Each structure stands twice: as C-alpha cells, then as structure tokens.
Amino acid sequence: MPELPEVENARTVLAQATGRVIAEIDDRDDWVCRPHRPGDIATALEGGTLTTARRIGKTMWCDTRTADGADGPALGVHLGMGGRIVVTDSGGERIGGGPARPDRQPRKTEWDRFTVAFADGGEFRLFDKRRLGRIRLDPDLSGLGPDAENMKPAEFRDRLAAGRSAVKARLLDQSVLAGVGNLLADETLWQARIDPRTPVRDLTRTDLDRLHRNLDRALERAIANGGVHTGEVIEHRHPGGHCPRCGTEMVHGTVGGRSTWWCPKEQE
DNA sequence: ACTCGTGTTAGCTG
DNA sequence: TCAGCTAACACGAG
C-alpha cells in the first residue's frame, strides 16, 4: 500500500502515540529491527516518550525524550510494501487514521512486528504481514532527496534531469526526490502524457514542468482521496486494460526495474 | 502449481 | 561513477 500519501496518513496515526510514557517495547523481530539486536530498542526507549511524528517521503521517524528529560535516539519507521501503523488508546480502541471504518485486515498477533506498550494501557504497533517494514534507531536520512511534496519547479527540474536514466526510474529514485512509488509514478506519467522509458536528458523544460505539475496534482488527489490506488489510470493497469482517456489498450513492460503500464498512443 | 507485486538494500556486472 | 540486474525478505492474490 504505502507511497507518500499513505505514509502521510500513517504519520498522522503515529502522531497519536506521542506524549505517552513508554512502558515496554517488543523488538524481538530481528529482521524488521535489523541491525539492532533484540532488546536494543527497548533499552534505549523504555521509560521515555515519543515527542514528534515526522516524515520525509516514505520514511517516518519519531524524536524521543528519555525519562530524565534528555533527548533520546530517534525511532525510524518504514512501512515497506504493506506495513500499517496501529495506535490504540487506554481502552484498546484504535485512534487516528481518519473516519472510522471497519478494519478489513484480519488481525493476527504474529504479524505485529514491533510493539510499543504505553503506561496508559494503549499501544503503537507495526502490523506487517510481509515483514518488509523496518524499525530502527536514528535512521539515516541522508540518502533521501527532498520530499516530493512542495518542491519548487526549478529544484524539481534540476534534480530530475540529471543523469541519463529513464524518467520513471528517476521518479522512483528516493535520493532524487522522496515519496514516489510505482503506482504514483505510472499515474503521474500517464497524466503528464510522457512515456516512462524516455531518457530524462530528452525531456524539455516544458516536459519537466508539466511532469512536476502533474505530480503535485496526483499527490494532492491521492492524499485527499485516501491513497494512490484512487488514481485515474490505476484500475486500468492490468492485461486487457484500456486508457481511460482514449481507449487504447494499455501496454506493459519493465521500467526502472518495476512493473510499468502506459498508453502507447498518448505517452510518447 | 506457479507467477507477480504499492519497497528497500546489498552485491554484482558492463 | 553510473545504470541496470538479481536476490532476499513473506505472504496473498490471480
């Protein structure tokens, strides 16, 4: 599920975990918590509090304070392909995450990969069937480009146009800009009518500005509508799918190492 | 039964 | 150095 819009929603849920005293942490999943050893994260954070819930691209982290009021290590949270944040109140009820809707995910405790129990009785959990999510202390954010939201046109052009990769590969490169995933890239390129395979060096300034405007719009709409899966072209990304604008059959290929669908007529 | 995938990373190759 | 490929992680969906 998670690309920038989903992660931003998750961040608002995670924010519900701030300001509460950490009683106990279950960090026994040594794959999700690598390279830490079981107990490392618990030792570092138990007795303290999470003070913020921040995000760049698809990476979230909480700043922390120790029991005696000093700054603690940051707690990094990445959802991977399908992780979800669950925060409960002292009564065990889920909080955050917008309008209440029944949780369709069957819950199985072995899929809770990391749990913070608060002194008030509530919890913060990373629920992740595929175990591709990640928790770590003081995550390295230096490899991330600027968040894909709120980039200036010139900054977007300069960063995107460097190098000679296919434009989609560039959009997916988190060190160029952070937050665009596979679905959002396909949606944006379709909206902008640009072939995902186009080398960035062949894009004109006009192309880049149009791409940027469409990325902004796709992000805004995905956030408003509840996720990247609400994009216009997303439901047509399958064998036999047709371009919702012109009706041409969508074409499939691999670009930037990822499954890619585009309209061969409009995206040249 | 078998392939694919909304993500990331390490390691390898040209 | 850069760019592209592969494997690994684990499981559901088609």
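Remember, it's a predicted structure, so these values are computed and weren't measured experimentally. By convention in this document, chain letters (A, B, ...) are assigned in the order of the sequence lines, proteins followed by strands, and residues within each chain are numbered from 1.
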> Taking only Watson-Crick and G-U wobble pairs with both distances under 3.5 Å, what dot-bracket line describes DNA chain B, where [ ] shows pairs that cross earlier ones and | shows pairs with another strand?
Replying inline: .||||.||||||||
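Although no hydrogens or angles enter the test, the distance criterion places a donor-acceptor pair under 3.5 Å between the side chain of A/K58 and the main chain of A/V180.
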Tabulate protein N/O versus nucleotide N/O from nucleotides 7-10 of chain B, keeping only pairs under 3.5 Å, one per line.
residue	atom	partner	partner atom	Å
B/dG7	OP1	A/K58	NZ	2.9
B/dG7	OP2	A/N182	N	3.3
B/dG7	OP2	A/R258	NH1	2.7
B/dG7	OP2	A/R258	NH2	2.8
B/dT8	OP1	A/H78	NE2	3.0
B/dT8	OP2	A/K58	NZ	3.1

Listed pairs, N/O of protein and of nucleotides 3-8 of chain C, under 3.5 Å:
residue	atom	partner	partner atom	Å
C/dA3	OP1	A/R164	N	2.9

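Taking atom P in both B/dC4 and C/dC5, the straight-line distance is 15 Å, to the nearest Å.
C/dG12 atom P lies 10 Å from atom CD of A/E110, rounded to whole Å. Here B/dG5 presents its P atom at 14 Å from CD1 of A/I234, a figure rounded to the nearest Å.
Partner of A/L75 under the side-chain contact (heavy atoms from CB on, under 4.5 Å) criterion, out of A/L45, A/I25, A/L14: A/L45 alone.
Between A/R113 and A/D128 there is no salt bridge, since no side-chain N of the basic residue sits under 4.0 Å from a carboxylate O of the acidic one. The pair A/E8-A/R11 counts as a salt bridge, with a side-chain nitrogen and a carboxylate oxygen less than 4.0 angstrom apart.
Among the atoms of the strands shown, only primed sugar atoms or phosphate atoms (P, OP1, OP2) are found under 4.0 Å from some heavy atom of A/H252.
Taking each heavy atom of A/G256 and A/L172 in turn, the nearest pair found is O-CD1, 4.5 Å.
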